[in-house]
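Data first, discussion second: the structure below is written as structure tokens.
Just so we're clear, the structure is a prediction, and the values are computed from it rather than from any experiment.
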Amino acid sequence: MPTETFEFQVEARQLLQMMIHSIYSNKDVFLRELISNASDALDKLRLEALRDEAQGADVSDLHIDIEADQDARTLTVRDNGIGMSHDEVVQLIGTIANSGTATFLRELKEAKDSAATEGLIGQFGVGFYSAFMVADQVTLLTRRAGETHGTRWTSSGEGTYTIETVDEAPQGTTVTLHLKPVDNEDKLYDYASPWKIKEIVKRYSDFITWPIRMATEGPDTATAATEGDEEPPVPREPETLNSMKALWARSRDEVSDDEYHELYKHISHDWHDPLKTVRLQAEGTFEYQALLFIPSQAPHDLFMQGHKRGVQLYVKRVFIMDDCEELMPPYLRFVKGVVDAQDLSLNVSREILQQDRQIQMMHRRLVKKVLSTLKEMMAGEPDQYLTFWREFGRVLKEGLLSDFENRDSILGVCSFASTADPEAPTALKQYVERMKDGQEHIYYVTGESRQSIENSPHMEAFRAKGIEVLLLTDPVDEVWVESVPEFDGRQLRSIVKGEVDLGTEEEKKEAGAEREKRQQEFAELLTWMTGQLDAEVKEVRLSSRLTVSPACVVSDTNDATPALENLYRAMGQDVPRAKRILELNPDHPLVSGLNRAHTEAPDGPGTAEVAELLYGMALLAEGGELKDPSRFITLMADRLERTL
Ligand code: ADP
């Protein structure tokens, strides 16, 4: 069979360049990555065998073998797992499928220093390619279980790789690294040393559920053999390097944090430690163990379609599937981990899982456990919680829309930017504690950025009275606020909707009397303006929320805001525009002036234009769009000209 030469896909080439030039300081992790791949390959083969799909495959002694040859300076990692077909090698090893790759590489280019670069790589994880941190040439010989021919792949990581079909190859995958020279300054240890390999396996891969074997020195031949003895030297004996203990089934004090973290890295392909480890062991009629992790950084594809949820399902220690959707709702898709159920069948399929009542119970319990962990974190480890919120808050908030049963718990662990603090977000509980005398509701405003909403006219009365307002700027905020009526018995109220009535009982009474008077003074103007602007607004009324601005536009209590309407439209739904309400500030000279002019000459020149300009200004002030900007400019220029 001829040898074919292929080029790496562009993204793959860029990643390889980084690996070759070794910007990652902890090079030991390459072995963890190779072992992780080998372990996955063994899991996959066992699963096929369980389903009777592994025709002709040998599943009698599934394991991983490591061979370190100090003379040849090679290190070989072999598994007798599922292997890869010729096309799979090209597909899987020559390209990078991760949907966040492009973003990742762009960020990498922009990364200022090596620490930032390292952080990004750790977050992305580069799997097999990390072999090029320690090797200048890598050969991969593989045969798909059940197939007859094998495939040999070789590369020095520089742009191209070669592939040839071979007649003889053991089942599974053998990766041989031709190691770079030892260089202690560059933290390149002697990876051909069995001692070093043993140490790395123990540290990073101890929990792997398959035996990882390496031939080490046999019994001491020097003392066993007497002088002149002609017996051949005792061959090296394979030793199992890992304990294979399933960490999730052990009690907390038997397992170190480091061990948990390594399991996390194996499952998640993240090179960073997780933010939090969550254990759950359920006993009784339906027994299962769960070990869940909250990562410390969001992956690049968290908001992309097809992002996989990270919980693996095991049945009685046997890996059954990745990404078990039935165990975690989409709004907790960032949670990674393992769930091992004792009473499910090894043959369990997705269809069965969807119906299974026990799985549904596990799902409920796991969700509650994650939420209670977040609650504890919020109370006891505020720094960790803030990291969590920064990375995953947007995702968690999706649960306010989808998980009715846990809505209060979710709301309880949410944080929001607030006028109370320019930096740190606040929990609703803290907001409630800070509420002013006489304040009944929790007030919020949604919008595109903190700056634009913080300075909107709607905020004026709240600022004047020192009433805190939550500033919600995530797109998902527009949506959930519509369906969450209250927190802890207090209504959530948008400051751009309906009427506002602030202050203590006393103040409200006083303001009521004052308003009555104003109402009479302005009644005619308001009726006239409502008629004038009829095409645009449903009502013109006096405002109790303005102190400085002449006017603002608000939505009726039960109507959608323009931003929400836009969001629905972006999702392809045809929603009619709800007419809004124009509110005037009777204390503003422009408004009182207009009232005077209108009373003196109801059809006097210019009043209609001023009414229109007032409406346009109110729209602009909230960052809205004018229907006819050039008409607005003409009217405005005309008015200004008359003042000169
Ligand atoms: P990742 O493991 O993060 O998916 P890798 O670059 O390490 O990325 O591997 C890419 C793919 O190549 C794996 O997902 C797997 O399908 C395949 N692969 C790698 N190593 C092996 C192996 N030892 N046996 C079978 N398939 C493998």
Side-chain angles (χ1 to χ4, degrees), residues 416-419 441-465 467-479 481-482 492-502 526 529-530 532-570 575-588 590-591 594 610-633 635-636:
F416 306 101
S418 153
T419 51
H441 312 305
I442 297 173
Y443 291 103
Y444 69 84
V445 57
T446 56
E448 272 183 20
S449 71
R450 178 172 184 131
Q451 200 201 0
S452 72
I453 51 185
E454 208 168 19
N455 297 326
S456 87
H458 306 99
M459 204 67 111
E460 289 170 7
F462 292 86
R463 195 176 303 124
K465 290 224 151 48
I467 291 177
E468 182 174 352
V469 177
L470 300 174
L471 307 165
L472 312 181
T473 54
D474 275 340
V476 65
D477 293 333
E478 294 286 353
V479 191
V481 290
E482 294 293 317
L492 271 87
R493 286 268 182 110
S494 165
I495 66 162
V496 304
K497 276 189 172 190
E499 309 242 18
V500 297
D501 200 6
L502 304 176
L526 296 176
M529 260 181 95
T530 305
Q532 282 290 309
L533 299 172
D534 176 52
E536 303 291 326
V537 301
K538 64 163 83 157
E539 187 189 353
V540 181
R541 68 184 180 207
L542 293 184
S543 184
S544 53
R545 63 187 105 212
L546 299 174
T547 58
V548 197
S549 301
C552 69
V553 206
V554 302
S555 296
D556 217 349
T557 316
N558 295 317
D559 286 346
T561 59
L564 184 65
E565 287 175 359
N566 287 341
L567 212 66
Y568 282 134
R569 252 175 236 125
V575 282
R577 282 225 179 270
K579 276 195 199 174
R580 297 170 76 209
I581 297 163
L582 177 65
E583 289 195 349
L584 303 180
N585 176 1
D587 294 326
H588 195 282
L590 182 53
V591 175
L594 179 63
V610 173
E612 202 178 327
L613 282 169
L614 262 174
Y615 174 61
M617 280 152 55
L619 279 177
L620 287 177
E622 64 168 14
E625 276 178 30
L626 298 174
K627 211 168 172 189
D628 187 349
S630 65
R631 179 177 161 79
F632 181 82
I633 299 295
L635 289 177
M636 174 89 110

Kindly indicate whether the side chain of [X], heavy atoms from C-beta on, has any atom under 4.5 Å from the side chain of [Y].
X: Leu564; Y: Val481; result: no
X: Glu612; Y: Leu635; result: yes
X: Ile581; Y: Val540; result: no
X: Val469; Y: Met459; result: yes
X: Val537; Y: Thr530; result: no
X: Leu614; Y: Leu594; result: yes
X: Val500; Y: Phe462; result: yes

Who pairs with [X] by side-chain hydrogen bond (donor to acceptor under 3.5 Å, both in side chains), at least two apart in sequence or on another chain?
X: Thr419; result: none
X: Glu468; result: Ser418, Arg434
X: Asp559; result: Lys538
X: Thr557; result: none

Sub-3.5 Å donor-acceptor pair from the side chain of [X] to the main-chain atoms of [Y], do we have one?
X: Asn585; Y: Asp587; value: yes
X: Asn455; Y: Ser452; value: no
X: Glu478; Y: Ala563; value: no
X: His458; Y: Val553; value: yes

Work out which heavy atom in [X] is nearest to a heavy atom in [Y]; give both atom names and the distance.
X: Ile453; Y: Leu472; result: CD1-N, 4.1 Å
X: Ala560; Y: Ser555; result: O-OG, 4.1 Å
X: Leu584; Y: Leu546; result: C-CD1, 4.4 Å

Using the side chain to side chain contact (heavy atoms under 4.5 Å, CB included) rule, take Thr547 and Lys465 through it: C-alpha gap first, then chi angles, then the decisive distance, then the call. CA-CA 11 Å; Thr547 58; Lys465 290 224 151 48; over 6 Å; no
Audit row: Glu539, Lys579, side chain to side chain contact (heavy atoms under 4.5 Å, CB included) steps and yes/no: CA-CA 9 Å; Glu539 187 189 353; Lys579 276 195 199 174; over 6 Å; no
By salt bridge (Lys or Arg N to Asp or Glu O under 4.0 Å) - contacts of Arg545 (at least two apart):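 With sequence neighbours excluded, Arg545 shows a salt bridge (Lys or Arg N to Asp or Glu O under 4.0 Å) to Glu583, given in chain and number order.
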Sequence neighbours left out, what passes salt bridge (Lys or Arg N to Asp or Glu O under 4.0 Å) with Glu454? Give chain and number order.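 Glu454 satisfies salt bridge (Lys or Arg N to Asp or Glu O under 4.0 Å) with Arg450 once adjacent residues are dropped.
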Who are the side-chain contact (heavy atoms from CB on, under 4.5 Å) partners of [X], not counting sequence neighbours?
X: Glu448; answer: none
X: Arg577; answer: Glu565, Asn566, Arg569
X: His441; answer: Tyr443, Gln491, Arg493

For Phe632, check ring pair (Phe, Tyr, Trp, His ring centres under 6.0 Å) against everything at least two apart and list the hits.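 Expected list: none.
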Applying ring pair (Phe, Tyr, Trp, His ring centres under 6.0 Å), name anything that partners Tyr444, two or more places apart in sequence or on another chain.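 Tyr444: no ring pair (Phe, Tyr, Trp, His ring centres under 6.0 Å) contacts found.
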Can you tell me how far apart CD (Glu460) and OG (Ser544) are? Round to the nearest 0.5 Å.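 Those atoms lie 12.0 Å apart.
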Roughly how far apart are Ser494 OG and Ile442 CD1, rounded to 0.5 Å?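 Ser494 atom OG to Ile442 atom CD1 measures 13.5 Å (nearest 0.5 Å).
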Go through Thr473 and Thr446 one step at a time and tell me if the side chain to side chain contact (heavy atoms under 4.5 Å, CB included) criterion holds. CA-CA 6 Å; Thr473 54; Thr446 56; over 6 Å; no
Please walk me through it: do Leu533 and Leu582 pass side chain to side chain contact (heavy atoms under 4.5 Å, CB included)? CA-CA 9 Å; Leu533 299 172; Leu582 177 65; 3.6 Å; yes
Listed pairs under 3.5 Å, donor-acceptor, residues 615-628 side chains, sequence neighbours left out:
{"unit_1": "Glu622", "atom_1": "OE1", "unit_2": "Arg580", "atom_2": "NH2", "d": "3.1"}
{"unit_1": "Glu622", "atom_1": "OE2", "unit_2": "Arg580", "atom_2": "NH1", "d": "2.7"}
{"unit_1": "Lys627", "atom_1": "NZ", "unit_2": "Glu536", "atom_2": "OE2", "d": "3.2"}
{"unit_1": "Asp628", "atom_1": "OD1", "unit_2": "Ser630", "atom_2": "OG", "d": "3.3"}
{"unit_1": "Asp628", "atom_1": "OD1", "unit_2": "Arg631", "atom_2": "N", "d": "3.3"}

